[in-house]
Amino acid sequence: MTNYIPTIGVEVHVELKTKTKIFSNSINGYGEMANSLTNVVDLGYPGTLPTLNEEVLNLAIKAATVLNCKIRRQMHFDRKNYFYPDNPKNYQITQFDTPIGYDGYVEIEVDGKTKKIEIEEMHIEEDTCKSTHRGTKTLLDFNRAGVPLIEIVTKPCMESSKEAKLYLEKLKELLFYCDISDCKMEEGSMRADANVSIRKSESDPFGTKCEIKNIGSISNVGLSIEKEIIRQQALLERGETFKEQTRRYDDKLGDTVLMRVKETGNDYRYFPEPDIPYLYVTDERIERVKEDIPMLPNERRKKYMDLGVSELNANKLVQNRSLSDYFNTLLEEKINFKIASNLLLGDIAAYLNKHEKNIENTTLTKERFIDLINNVDDGTLTSKNLKDILDTVLDNNLSIKEIIKESGIKNITDDGAIREIIIKIINDNPESVKDYKDGKDRAIKFLMGQVMKETKGSANPKIANEILTSELNK
Amino acid sequence: MKYLDKSIKEINELLKNKTIKPIDLVEEAFEKIEKNKDLNAYITLNKEQALKDAKELENIEVDNILFGLPIAVKDNIVTKDLLTTCASHILDNFTPIYDATVVEKLKEHHMIIIGKTNMDEFAMGSSSRTSYFGAPKNPWNKEKIAGGSSGGSATTIAAHDVLFALGSDTGGSIRQPASYCGIVGMKPTYGRVSRYGLVAFASSLDQIGPMTRNVYENAILLNAIVASDEKDLTSARKEKEDFTRLIGEQIRGMKIAVPNYFMSDIVDINIREKIEEIIKLLEQKGAVVDYIDVKYLENAVTLYQIIAMGEASSNLARFDGIRYGHAKENPESITDLYYGTRQEGFGQEVKRRIMVGSYLLSGENAKTYYNKALSIRDDMKKALEKVFEKYDLIIGPTTTTTAYNLTDSMDDPRKSFMDDVLVIPVNMAGLPGLNIPVGFSKDKMPIGMQIIGNAFEEAKMYKLASFIEKELNLDLNPFGGEKND
């Protein structure tokens, strides 16, 4: 079988996280009672006119910035005319001639190499309403009608399902990090279409493309592209041709299914939207929006690793935006970042999960956390101690010192008390002492174990070790 | 008791000193409307609610000059809980759940909506004969058209049923019927009056404006309806101003331009002669009047057809039978619902314009026609703006003929557009335009003069209009009776 080169382009619709809709003051919400978040504008009532939510423009500028797009300074909206029940005005307000962003890219790491996924354009538009088919009836929920979207279109520049998946993961991470969208594919706030074609050689023209619409998850994007490549290969190998078409991915079937063959000349009768004047984006506006962009994931990962955090932990932190933001407040401190990341991703994350809390909603101020890290770093707190006191640390305002004191850990860090226990253990284990004196290293480990057993694991191991050694050497 | 024949200032005094109550005005208006029923000026009367509103006003202080006055509203301006049909079968069961911004303004001024006036279906036409409810008649001669598309509003004002009406003007739809019916009609600068709640025909051209018996009352009503409206992004952000402020001033030194095209042989000779008389009068009174050439005026109708129909084809797409209005019964499929609803619901002229508009925006046509038209429109706008660098105002006839017979053929759409050849350039350039009656033809039909101002210079137009009105002192009541001032 000939080896074919796949060519893949991806179009992503992302719902913007705004308070209100793009062209009306209805709430932009998900999961509310059907048709409870609508007004006369969303319903396309006669006489209504669109207003423009400035928040949308700002988020779109933000997205264009993080996707390395050029930002258009003078633009307008266009009407895309087509009849469909989910399209209340029977035209959709979109940007056809003057997309707000163009010529951008997203960098992905494929097999250790950096690849730029080129973004053709990115534009603003309104979402349609949601239709549910019940037998012969179709129910319409206009809550989604007028929710702001950006559509991000790549060039046909990807060559594998892996690249497409990495691109989507990267895109999702960027948009989520910048509070542009919550990017929940399962709720439809991020929707992906993939265009797939194959050809024999780089020098050949692109093959006939098939568009797989509305794929529900990133893993399904990968699967559907793979299946589509196999399907197209089989057809070409049999010497068959096919027309440009729209397909969907059937999860149960595990394959793509034909929706419709594309007719030539889809005529949307685009023209400039006369109800919305031209928009002008100033440098000042772009600057203001840029100030609002947080440190991006790549930069975070690099910073964390430079500070001694393991690659695994760095990645884990970046995946948890709120922990990562919290971690960022510590970056200028002189602390052990390895311990800090272990604590956050270990016991603290477990506590937060269990209590369904955000770290901002605990009592762990930056100062107290630093205190905690230092107490672990110098051995004052063992990992067992930590487990014992963590709940108190996270839901109480007491200082770490006070918590340690109250929990009884204080006694065991006291030199005298440990020495007393150690002397008793030395006296009770003359054989081990002899072994030690004979140079057997295992003996000191055994004796330390006895110390920890006696102190129920709460002795400062560093101090205990020092005292044990000095007593044995007497 | 004929209070509605008095001047607005007199009526206001009578209300203030409690000689009369708003309900007297409302009852009188309905009596007159009933008497003039054959004029077919209204699609819907708001009798019950209007009487209730009038009663309620008895508990409120007279707080402005429009207080308690009945007003007729064109039926393409949405009114909450009051049928708004756009003179179309497709909306003949449509009761809006919100008020247009202008209607809110009327209510803030405690005006009383008396009813919704007849018009061309979706404002598409020049004689109001495309109305699903039959054409209104011209009070000066019931065999004649009232003009359009705001024919019902022009009729009810001319018949002296009420003092005030609102119309809308996309390509002359206020000024042309005002001219045919012998009343004052103003199309304000694009953006002056909010379009929120005006059922869109051609969004970049539509504008609501006042229609009244005289100039002063027109300016007063414009004062009331002008607003910067955040619900309309094309609404102009302007300071409040008093449009009556220049009324009564002398016109000495005013510089007035008359485009040669407006006085060419496209215009009936009798109308031209009447306008020439006015020009002489103005010159006598110290105004400077020059005949000038203005480029692109002759292209206006073509541009209008492309732009207005293109926009209309999109604006009227929402009438699909799904959410409101007429719907085909028991459709077999969604396509059947679309086709059936629109086939049954729209009249011939509306269908024709949707089809032409859709064609004009199809594929490459959008570039060839629509975008090209927009760019020539810009040039035309600049040409007119250039005139205002030297002149205060432009004048000319409003129409090429006086009102023609209701029975005249409707088969020549080109001809009906040519009726509007003098009024359309104003919409294309977004400028304000005003009609005032200046006399009568040999067959006793009103002749109108058009005054065109630079953007946002309505006050200057009212100044000239009121000067001419006073000089001419015409009797403008087709049924005789007392003359108003």
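Convention: sequence-line order gives letters A, B, ...; per-chain numbering from 1.
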**OP:** Could you walk me through whether B/R377 and B/S375 pass side chain to side chain donor-acceptor pair (under 3.5 Å), step by step?
**Re:** CA-CA 5 Å; B/R377 175 184 177 172; B/S375 108; over 6 Å; no
**OP:** Give the member of A/V41, A/L140, A/L43 that has the highest number of heavy-atom pairs under 4.5 Å with chain B.
**Re:** A/L43
Original post:
In terms of heavy-atom proximity below 4.5 Å to chain A, should B/Y98 be classed as side chain, backbone, both, or neither?
Top reply: side chain
**OP:** Show the numbers, then the answer: is there a side chain to side chain donor-acceptor pair (under 3.5 Å) between B/K231 and B/T101?
**Re:** CA-CA 8 Å; B/K231 289 180 189 156; B/T101 298; 4.8 Å; no
Original post:
Tell me, side chain or backbone of B/N365 under 4.5 Å from chain A's heavy atoms, or both, or neither?
Top reply: neither
**OP:** Count the heavy-atom pairs under 4.5 Å between each of A/S24, A/P46, A/P274, A/P277 and chain B, then report the option with the highest count.
**Re:** A/P46
**OP:** Of all the heavy-atom pairs spanning A/N25 and A/T20, show the shortest one and how long it is.
**Re:** O-CG2, 3.6 Å
Subject >> Part of B/T84 within contact of chain A (heavy atom distance under 4.5 Å) >> reply: neither
Original post:
Salt bridge between B/E385 and B/K382, side-chain N to carboxylate O under 4.0 Å?
Top reply: no
Subject >> Segment of A/F83 engaging chain B (4.5 angstrom heavy-atom cut-off) >> reply: both
**OP:** In sequence, state the C-alpha distance, the side-chain angles, and the governing distance for B/T170 and B/D206, and then conclude on side chain to side chain donor-acceptor pair (under 3.5 Å).
**Re:** CA-CA 4 Å; B/T170 306; B/D206 296 343; 2.6 Å; yes
Original post:
Is the shortest distance from a Lys or Arg side-chain nitrogen in A/D250 or A/R248 to a carboxylate oxygen in the other one below 4.0 Å?
Top reply: yes
Original post:
With a 4.5 angstrom heavy-atom cut-off, which part of B/A366 approaches chain A: side chain, backbone, both or neither?
Top reply: side chain
**OP:** Output the option from B/S204, B/S203, B/S313 having the highest count of non-hydrogen pairs under 4.5 Å with chain A.
**Re:** B/S203
Original post:
Would you call B/R195 and A/D275 a salt bridge, taking side-chain N to carboxylate O under 4.0 Å as the test?
Top reply: yes
Subject >> Stepwise side chain to side chain contact (heavy atoms under 4.5 Å, CB included) test for A/E11 and A/E211 >> reply: CA-CA 10 Å; A/E11 291 170 25; A/E211 183 180 23; 3.8 Å; yes
Subject >> Salt-bridge present (A/E54, A/R285; N to O < 4.0 Å) >> reply: yes
Subject >> Heavy-atom proximity to chain B below 4.5 Å, by part of A/N81 >> reply: side chain
Subject >> Donor-acceptor contact below 3.5 Å, side chain A/D42 vs main chain A/N143 >> reply: no
Original post:
Relative to the ring of B/H89, is the ring of B/H326 parallel (under 30°), tilted (30 to 60°) or perpendicular (over 60°)?
Top reply: tilted
Original post:
Which one of B/L91, B/N76, B/L233 has the most heavy-atom pairs closer than 4.5 Å to chain A?
Top reply: B/L233
**OP:** Report the option among B/S314, B/G197, B/S362 that has the most heavy-atom pairs separated by less than 4.5 Å from atoms of chain A.
**Re:** B/S314
Subject >> Structural part of A/L52 lying under 4.5 Å from a heavy atom of chain B >> reply: both
Subject >> Residue-level interface, residues 328-338 of chain B with chain A, non-hydrogen cut-off under 4.5 Å >> reply: B/I334, B/Y338
**OP:** Anything under 30° is parallel, anything over 60° is perpendicular, the rest tilted; go ahead and classify B/F346 against B/F319.
**Re:** perpendicular
Original post:
What option among B/L316, B/N315, B/L360 has the most heavy-atom pairs under 4.5 Å with chain A?
Top reply: B/N315
**OP:** Quick one: which of A/Y268, A/F271, A/F142, A/Y270 has the most heavy-atom pairs under 4.5 Å with chain B, could you say?
**Re:** A/F271
Original post:
Do A/K80 and A/T94 pass the side chain to side chain donor-acceptor pair (under 3.5 Å) test, and can you show the C-alpha distance, the side-chain angles, and the key distance before you say yes or no?
Top reply: CA-CA 7 Å; A/K80 180 181 182 178; A/T94 179; over 6 Å; no
